[in-house]
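First up is the structure itself, then whatever we jot down about it.
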Amino acid sequence: MLQQTQVIKVIDYFNNFIDRFPTLKSLAEAESEQVLACWSGLGYYNRARNLHKTAQICSIEHGDQLPVDLNQLMQLPGIGRTTAGAILSLASDLPYPILDGNVKRVMSRFNKISDEKTSAYNAKLWKQVEELMPKSHCRKYNQALMDLGSMICTRSKPHCHRCPIMKNCKARISDQVALFPQSNKKTRQINKTYHILLLVSEGQIYIEKRNSQSIWPQLWFLPMFDTEQKLQSSNLFELEHYTHYLNFNIKHILTHRKLDLQVHCYKNTTTIDRKITKNKKWTAISQYKKLPHPTALVKIIQNYLANEDT
DNA sequence: AAGTCGGGGGC
DNA sequence: GCCCCAGACTT
């Protein structure tokens, strides 16, 4: 959960997740849908799928436990070198370094490491953090290094006057702290418009499971179309029985894409045949909240629905 | 080596 | 608005 996600955001999800899946075995035996639902709103949903797979692999191959071995850990889906190092050092107090975003920043400043190319930059950072790694007190050392990065050696306005290693920090010595680390190259965001169909009937909304190809793969959401024509011509929902009553617009930003989501709302007060299939169904908005989906959009949609009802 | 994947906080 | 965050995986 902590991969590319700040601690404050994770805490509630973590507690809920541990309540729901208290052991590795219980996670391994869970349905994928339930695991994803517990992840709903946290983002990077492949992390949930990988965690689930890892639990299943460890359940079968490692006797319901994580292996205490760097290479074996790194072969598990979703566990790279940093996460493997975190497991070994924090759980077992073994001398394996971590290179997360915080430690990267500390290392970059401490030894004035910079490079044009990302791969060479990361290699230098790993080498540096390996050389500094002590053979004892590994748990406390790694935790302290991350805390140093998150609380003292912050990205902007670092608190160098309170830093315990300021005397040996090359960036500090040369008064160049602000120059490190170099800002990352930006991947430009591509604008994309989608047309979304919101069907409301007797307090329920229609949702479907997305395919594996596009964004939000295999999550439940309202039907999305590339063009308004495709939305209009989707006879799946017998649009002639519905009354169009509202359009609204949602701007949603992903890491690599700016989405302009145009929501087309249709209402129907008569009873309809609500078929539930594997990948399509009707659901009350309250139930919708418990499904795997991009929740940032659910709040907005719920607000519009609430306003319409009153 | 570059692209992909969410959502949110800081400034 | 831009950058980054307790990164890893795919192409």
Side-chain angles (χ1 to χ4, degrees), chain A residues 1-14 36 39-54 73-91 96-109 115-123 125-126 129 139 141-159 178 180-192 210 212-219 221 250-259 261 292-300:
Chain A
M1 286 182 176
L2 289 166
Q3 289 169 357
Q4 292 287 283
T5 305
Q6 290 160 348
V7 177
I8 186 68
K9 176 77 188 292
V10 163
I11 293 174
D12 285 345
Y13 279 94
F14 176 81
L36 282 168
W39 213 271
S40 172
L42 202 49
Y44 286 121
Y45 296 97
N46 273 337
R47 294 181 303 177
R49 299 188 180 97
N50 286 334
L51 183 60
H52 192 202
K53 286 181 200 164
T54 284
L73 281 170
M74 288 179 66
Q75 284 178 15
L76 295 167
I79 298 181
R81 188 171 175 188
T82 288
T83 303
I87 292 169
L88 292 172
S89 64
L90 301 181
Y96 293 89
I98 297 174
L99 192 61
D100 70 343
N102 290 316
V103 177
K104 275 186 181 179
R105 190 170 51 252
V106 174
M107 290 299 132
S108 170
R109 287 172 175 163
D115 201 295
E116 310 266 320
K117 297 177 181 176
T118 304
S119 60
Y121 176 58
N122 279 333
L125 292 174
W126 270 114
V129 78
R139 176 184 298 124
Y141 174 83
N142 273 351
Q143 187 63 59
L145 202 52
M146 289 189 286
D147 289 346
L148 182 67
S150 68
M151 294 188 284
I152 303 291
C153 197
T154 49
R155 183 170 66 88
S156 60
K157 298 181 181 176
H159 305 91
F180 296 88
Q182 296 178 328
S183 66
N184 281 345
K185 301 178 179 70
K186 41 204 154 191
T187 57
R188 87 159 181 275
Q189 291 177 322
I190 300 169
N191 293 313
K192 181 149 179 73
R210 298 181 54 69
S212 304
Q213 313 304 330
S214 183
I215 57 174
W216 302 313
Q218 297 175 34
L219 300 185
F221 197 54
I250 300 174
K251 292 202 177 298
H252 188 73
I253 299 176
L254 307 179
T255 303
H256 57 298
R257 204 157 292 175
K258 287 183 180 176
L259 302 182
L261 306 175
H293 51 228
T295 48
L297 303 176
V298 175
K299 295 174 187 171
I300 298 172

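Chain letters run A, B, ... following the sequence lines, proteins first and then strands; every chain starts at 1. All heavy atoms count here, side chains included; hydrogens, waters and symmetry mates do not.
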Notebook entry, point to check: Relative to the 5' end of DNA chain B, which residue comes earlier, Trp216(A) or Lys157(A), by the nucleotide with the nearest heavy atom?
Noted result: Trp216(A)
Check: Closer to the 5' end of DNA chain B via nearest nucleotide, is it Pro217(A) or Ala120(A)?
Finding: Ala120(A)
Check: Can you find a side chain N or O atom of Gln4(A) that sits less than 4.0 Å from OP1 or OP2 on dG7(C)?
Finding: yes
Next item on the list: Take atom C1' in dC4(C) and the same atom in dG6(B), then report the distance between them in whole Å.
Entry: 14 Å
Notebook entry, point to check: Going by atom types alone, do Asn102(A) and Arg105(A) pair a side-chain donor with an acceptor below 3.5 Å?
Noted result: yes
Item checked: Side-chain donor/acceptor of Ser108(A) to backbone N/O of Lys104(A), under 3.5 Å -> no
Checklist line | Nearest to side-chain heavy atoms of Thr83(A), which nucleotide of dA8(C), dA6(C), dC5(C) | finding: dA8(C)
Next item on the list: Return the value, rounded to whole Å, for the distance between atom CG of Leu99(A) and atom P of dG7(C).
Entry: 9 Å
Note to self: Please tell me if Tyr44(A) has a side-chain N or O lying less than 4.0 Å from either OP1 or OP2 of dC9(C).
What the structure shows: no
Notebook entry, point to check: OP1 or OP2 of dC9(C) less than 4.0 angstrom from a side-chain nitrogen or oxygen of Asn46(A), does that happen here?
Noted result: no
Checklist line | d(CD, Gln3(A); P, dG7(B)) in whole Å | finding: 17 Å
Check: Within this structure, what is the NE2-to-P distance between His52(A) and dA8(C), rounded to whole angstrom?
Finding: 21 Å
Check: Is a donor on one side and an acceptor on the other found under 3.5 Å between the side chain of Thr82(A) and the backbone of Leu99(A)?
Finding: yes
Item checked: Pairing nucleotide - dG6(B), Watson-Crick or G-U, each distance under 3.5 Å -> none
Next item on the list: Provide the distance between the two C1' atoms, one in dA1(B) and one in dC5(C), to the nearest whole Å.
Entry: 22 Å
Next item on the list: Could you check whether Arg105(A) gets within reach of a base, just the sugar-phosphate, or nothing at all, counting any heavy atom under 4.0 Å?
Entry: sugar-phosphate
Margin query: I want to confirm an ordering. Mapping Gly78(A) and Gln6(A) to their closest nucleotides on DNA chain C, which one lands closer to the 5' end?
Written below: Gln6(A)
Check: Looking across every strand, which nucleic acid part, if any, lies under 4.0 Å from Ile79(A) by heavy atom: base, sugar-phosphate, or nothing?
Finding: sugar-phosphate
Margin query: Let's see if you can work this out: which of dG7(B), dG6(B), dA8(C) has an atom nearest to the side-chain heavy atoms of Lys9(A)?
Written below: dG7(B)
Checklist line | Spacing of Ile87(A) atom CD1 relative to dG7(C) atom C1', expressed in whole Å | finding: 13 Å
Next item on the list: Please tell me which of the listed nucleotides, dA8(C), dG7(B), dA6(C), lies nearest to the side chain of Asp100(A)?
Entry: dA6(C)
Notebook entry, point to check: With no angle test and no hydrogens, is the base of dG7(B) tied to the side chain of Thr5(A) by a donor-acceptor pair under 3.5 Å?
Noted result: no
Note to self: Any side-chain N or O of Arg47(A) below 4.0 angstrom from OP1/OP2 of dC9(C)?
What the structure shows: no
Margin query: By the 4.0 Å heavy-atom rule, please label Leu76(A) as base, sugar-phosphate, or nothing.
Written below: sugar-phosphate
Item checked: Distance between P atoms of dA6(C) and dC11(B) (Å, rounded) -> 13 Å
Next item on the list: Look at the side chain of Ser156(A) and decide which nucleotide, out of dG9(B), dA8(C), dC11(B), has an atom nearest to it.
Entry: dC11(B)
Next item on the list: Grab the CE-C1' distance between Met74(A) and dC9(C) for me, whole Å please.
Entry: 12 Å
Next item on the list: Report the nucleotide, chosen from dA8(C), dC5(C), dA6(C), that has the shortest atom-to-atom distance to any side-chain atom of Val7(A).
Entry: dA6(C)
Next item on the list: Nearest whole angstrom, please: distance from the C1' of dT4(B) to the CZ of Arg49(A).
Entry: 13 Å
Next item on the list: Identify which nucleotide among dC4(C), dA6(C), dC9(C) has an atom closest to any side-chain atom of Arg155(A), counting heavy atoms from C-beta outward.
Entry: dC4(C)
Notebook entry, point to check: Quick one: does Asn142(A)'s side chain have a donor or acceptor within less than 3.5 Å of a partner on Tyr96(A)'s backbone?
Noted result: yes
Notebook entry, point to check: Got a second to check how far Gln3(A)'s CD is from Leu42(A)'s CG, nearest 0.5 Å?
Noted result: 10.5 Å
Check: Backbone N or O of Phe180(A) within a donor-acceptor pair of the Arg109(A) side chain at under 3.5 Å?
Finding: yes
Check: Roughly, in whole Å, what's the span from CD1 in Ile8(A) to P in dG8(B)?
Finding: 13 Å
Check: So, does Arg47(A) use its side chain to make a donor-acceptor pair with the main chain of Met1(A) at under 3.5 Å?
Finding: yes
Next item on the list: Check the distance between dT4(B)'s C1' and Lys192(A)'s NZ and give it to me in whole angstrom.
Entry: 15 Å
